[in-house]
Amino acid sequence: MSVRTRFAPSPTGYLHVGGARTALFSWLYARKHGGKFILRIEDTDLERSTQESVNAILEGMTWLNLEYDEGPFYQTHRFERYNEVIGELMVKGLAYRCNCSKERLEELRERQMANKEKPRYDGCCRNKPISPDEPHVIRFKNPVDGAVVVDDMIRGKVAFNNSELDDLIIRRTDGAPTYNLTVVVDDHDMAITHVIRGDDHLNNSPRQINMLRAMGWDVPRYAHVPMILGDDGARLSKRHGAVSVMQYLEDGFLPEALLNYLVRLGWSHGDQELFSVDEMIRLFDIDAVNKSPSAFNTEKLTWINQQYLKSADPLRVAHLVSSHLGDLGVDPAEGPDLVAVVEAQRERASTLKELAAISRFYYKDFDQYDEKAAAKALKAPAVGPLRKMRERLAQLDNWSREAIHQSIEQVVEELQVGFGKVGMPLRVAVTGGAPSPDLDLTLFLIGREACLRRIEKAVGYIEQIQKM
Ligand code: GLU
């Protein structure tokens, strides 16, 4: 039987990192076993589901390259099918109408709580003849005896006594099928072999297994993925910062870096940190996922991103960084070749956003110097070297790295000073103090005109502070 996994988000918000990791694990498992990955949108909660959120989920999956082979299937398009199954359960005597009032259920609950019992429906309507014409819900007749064992691929065997499970509602008074029923029907109809999902659904599994058995359907394998914690040990939530996957796009992360980080959240392969997608597919296995929750660590993610940024195709990085430059008011067409700038700068940045910030000076004059850098480099003794450098650079026949390099060396020699006495002020004068590569390359990329203008400005700046 070929493997079929699914990702089944409820569209009540964006795609968050927890959801993305679950999707990744399901996707990897399908890819590893040459199976199919199915996307199912669980939008039966009409009040909380939105199209906007569906779009956000699709957008997140597209960005992460988690392509699905089938779907997206929408549960709201399948109500007829769910009702058909509910009808079958009724015919088989495995479901029944219940007209217990809210008050009765509330009273029952209070009584059970007072007796320190677990609140559960008492099966009051199990054998009552209730007309379909009066308001009612439909409940599944859960077996009363025995136990259900969830043979989880991550947790191992987890047993639930049927006496702990009650007759859950599978269709509401308004006719809408409920979550546990729709999942069971879909997992069967979509021939899902492996249900990989968050461990907040572990308690639903015995109920779902009972329904699958009642219908005479195969029970899939289950893998409940432990949750992700914030670095403070609490469940990862908005207050830990960026939890929407798309926020990472905005913050300048590469999708492959986020995937790499997510796969390592709860799974490892020796002490290897970096995994290409092909390697992930080859090495990942769901039963090697850790049982305990893992903590999200932005620093680690940033480190991984930096590694990918360093080795990614420079043309692609240039393409990606240009939108971040746009956010900074820079049009990369009006300046040096962006690919060359990326190659020169990228090892100094951890994210595309940072790369854009430290590359701005190649395209635009800056308004201010980095305070520390200016205090150190732009002082009275720098005026002479800067003026000389300006003169030399203005006279160069050709604007090449080699020629620039030679002119710096010549000035150093002429003035009989250390390289730093010329190099440091020159660097701050043209970059404003931003991180930059070899001086000749930096100047070369900035271009002659901007260099001359900035050196002049730096001299003016020094003279100005001297007067103060
Ligand atoms: N729709 C459920 C959720 O978003 C997932 C259900 C499942 O995977 O079985 O939490």
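The chain is numbered in sequence order, starting from 1. Whatever order the structure lists ligands and atoms in, that order sets their numbers, starting from 1. What you are looking at is a predicted structure, and each value in this text was computed from that prediction instead of being measured.
Judged purely by atom type and a 3.5 angstrom limit, Trp27 uses its side chain to pair as donor or acceptor with the backbone of Glu67.
Each of Arg6, Ala8, Pro9, Ser10, Glu42, Tyr179, Arg197, His201 has a non-hydrogen atom positioned under 4.0 Å from some atom of ligand 1.
Under a cutoff of 6.0 Å and an axis angle of 45°, Arg139 and Tyr121 form a cation-pi pair.
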Side-chain donor-acceptor contacts of residues 195-202 below 3.5 Å, not counting sequence neighbours, with atom names and distances?
unit_1	atom_1	unit_2	atom_2	d
Arg197	NE	His224	NE2	3.1
Arg197	NH1	Gln208	OE1	3.1
Arg197	NH2	Ser205	OG	2.8
Arg197	NH2	Gln208	OE1	3.1
Asp199	OD2	Arg155	NH2	2.9
His201	ND1	Tyr179	OH	3.1
His201	ND1	Asn204	ND2	3.2

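With contacts defined as side-chain heavy-atom distances shorter than 4.5 Å, the pair Leu265/Phe25 does not qualify.
Under 4.0 Å is where a charged nitrogen must lie from a carboxylate oxygen, and between Glu273 and Lys300 at least one such pair does. A salt bridge links Asp187 with Arg40: at least one charged nitrogen is closer than 4.0 Å to a carboxylate oxygen.
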